[in-house]
Undergrad: 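Have a look at this one before I ask anything.
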Amino acid sequence: MTTVHTLASGSSGNAALVCCGDTRLLVDAGISCRRITASLRELGLALEDLTAILLTHTHADHTAGLQTLLKRSQLPIFASEDAARDLCLRLPLCAGRLRPFSRNSRFDLGGCAVTAFSTSHDAPGSCGYRFDGADGSVGLLTDTGYVTEEAADILPGADLVLLEANHDVEALESGPYPY
């Protein structure tokens, strides 16, 4: 069965687990490795049970735990080409493990077809995902200001869509955020 488990969501950190049969994908690592492993343990899993890490974008609330995860596992990391370039500059450990892809592309990870699509966010190469397994589909769209045309084309028909729409351009422009 295709399932999704939110491990953390919010400005203090984001991480989700998408399972398509035996394929287990960690989407974002914005919380500590300790919290990720504890959350996995509650689900009866360990880091060794994961297939890969997929990143939506490179903001710290989506990548804060990545450096420690890289030290404790040999998992491949999938990110859009722009996000992968940004990540290599900040986390040299990931260079050999990165699997960059073009946004609005499709690739297979085990028993799961992954379709990446562009999102409306202020990070290089930000994207969302649709996961299609033999027994269900899940869409994941985080930190978006609006649903992009790509997302609107790819997400219909998904059994479940997780949508986090907290990206507000006006709040960023007038709030206490750096330029």
Side-chain angles (χ1 to χ4, degrees), residues 4-18 25-40 47 50 52-73 75-105 107 114-131 138-151 154-155 161-179:
V4 62
H5 304 271
T6 300
L7 308 182
S9 178
S11 54
S12 61
N14 296 272
L17 177 69
V18 175
L25 306 170
L26 180 66
V27 181
D28 290 333
I31 55 176
S32 69
C33 183
R34 178 177 291 157
R35 280 185 63 194
I36 290 170
T37 55
S39 295
L40 290 173
L47 282 179
L50 298 178
I53 300 170
L54 286 82
L55 297 177
T56 59
H57 62 286
T58 59
H59 285 165
D61 61 326
H62 292 259
T63 61
L66 191 56
Q67 181 143 335
T68 304
L69 277 173
L70 292 172
K71 292 176 184 175
R72 298 208 175 142
S73 76
L75 292 165
I77 304 160
F78 290 79
S80 71
E81 292 165 336
D82 291 339
R85 271 192 298 279
D86 187 40
L87 203 54
C88 278
L89 295 173
R90 294 192 288 126
L91 295 174
L93 277 178
C94 69
R97 311 238 298 265
L98 270 171
R99 308 292 185 271
F101 57 81
S102 299
R103 286 186 297 169
N104 307 317
S105 65
F107 52 94
V114 180
T115 306
F117 53 87
S118 300
T119 60
S120 163
H121 196 41
D122 62 343
S126 66
C127 67
Y129 298 101
R130 178 176 172 145
F131 304 93
V138 172
L140 198 137
L141 176 57
T142 67
D143 281 11
T144 192
Y146 59 88
V147 176
T148 61
E149 285 184 37
E150 295 87 353
I154 291 168
L155 292 175
V161 175
L162 274 169
L163 173 64
E164 181 191 48
N166 64 353
H167 179 74
D168 182 340
V169 173
E170 186 177 317
L172 286 172
E173 289 174 348
S174 62
Y177 305 100
Y179 182 77

Undergrad: Within a strict 4.5 Å, meaning less than it, do heavy atoms of the Phe131 and Val27 side chains meet?
TA: yes

Undergrad: Sequence neighbours left out, what passes salt bridge (charged side-chain N to carboxylate O under 4.0 Å, His left out) with Arg130? Give chain and number order.
TA: Asp132

Undergrad: Please name all residues satisfying ring-ring contact (aromatic ring centres under 6.0 Å, His included) with Phe117, sequence neighbours left out, ordered by chain then number.
TA: none

Undergrad: Hey, could you give me the CD1/CD1 distance between Ile36 and Ile31, rounded to the nearest 0.5 Å?
TA: 5.0 Å

Undergrad: Quick one: pull up CZ in Arg34 and OG1 in Thr68 and give me the separation to the nearest 0.5 Å.
TA: 9.5 Å

Undergrad: Can you tell if the side chain of Leu54 reaches within under 4.5 Å of the side chain of Leu140, non-hydrogen atoms only?
TA: no

Undergrad: Taking side chain as C-beta onward, heavy atoms only, is Thr56 less than 4.5 Å from His121?
TA: no

Undergrad: Between Asp61 and Asn14 (side chain of the first, backbone of the second, donor and acceptor by atom type, cut-off under 3.5 Å), is there such a pair?
TA: no

Undergrad: Can you confirm whether the side chains of Thr144 and Thr119 place a donor and an acceptor under 3.5 Å from each other?
TA: no

Undergrad: How close do Ala29 and Leu55 get, heavy atom to heavy atom, and via which atoms?
TA: N-CD2, 4.3 Å

Undergrad: Side chains of His59 and Asp143: any donor to acceptor distance under 3.5 Å?
TA: no

Undergrad: Determine the minimum heavy-atom distance between Arg97 and Leu93, stating which atoms define it.
TA: CG-O, 4.3 Å

Undergrad: Where do Ala79 and Ala84 come nearest, in terms of heavy atoms and distance?
TA: CB-N, 4.1 Å

Undergrad: Not counting sequence neighbours, which residues clear side-chain hydrogen bond (donor to acceptor under 3.5 Å, both in side chains) with Thr63? List them please.
TA: none

Undergrad: Return the CD to SG distance between Gln67 and Cys33, rounded to the nearest 0.5 Å.
TA: 11.5 Å

Undergrad: Could you point out which residue of Leu163, Thr148, Ile154 forms a side-chain contact (heavy atoms from CB on, under 4.5 Å) with Leu141?
TA: Leu163

Undergrad: Closest heavy-atom contact between Leu7 and Ser39?
TA: CD2-CB, 3.7 Å

Undergrad: So, taking the atom named CG in Leu91 and the one named CG in Leu66, what distance separates them when rounded to the nearest 0.5 Å?
TA: 5.5 Å

Undergrad: Output every pair passing salt bridge (Lys or Arg N to Asp or Glu O under 4.0 Å) with a member in residues 78-90, not counting sequence neighbours, ordered by first then second residue.
TA: Asp82-Arg85, Asp86-Arg90

Undergrad: List the residues meeting side-chain contact (heavy atoms from CB on, under 4.5 Å) with Pro76, not counting sequence neighbours, and say none if there are none.
TA: Ala52, Phe78, Arg99

Undergrad: For Leu155 versus Tyr129, what's the shortest heavy-atom pair and its separation?
TA: CD2-O, 4.4 Å

Undergrad: Has the side chain of Asp28 got a donor or acceptor atom that lies under 3.5 Å from a matching backbone atom of Ala16?
TA: no

Undergrad: Measure across Ala95 and Cys88 and return the closest heavy-atom pair with its distance rounded to 0.1 Å.
TA: CA-SG, 4.0 Å

Undergrad: Working to the nearest 0.5 Å, report the span between CG of Leu26 and CG of Leu40.
TA: 7.0 Å

Undergrad: Suppose we screen for side-chain contact (heavy atoms from CB on, under 4.5 Å). Which residues come up paired with Leu75, at least two apart in sequence or across chains?
TA: Leu50, Ile53, Ser73

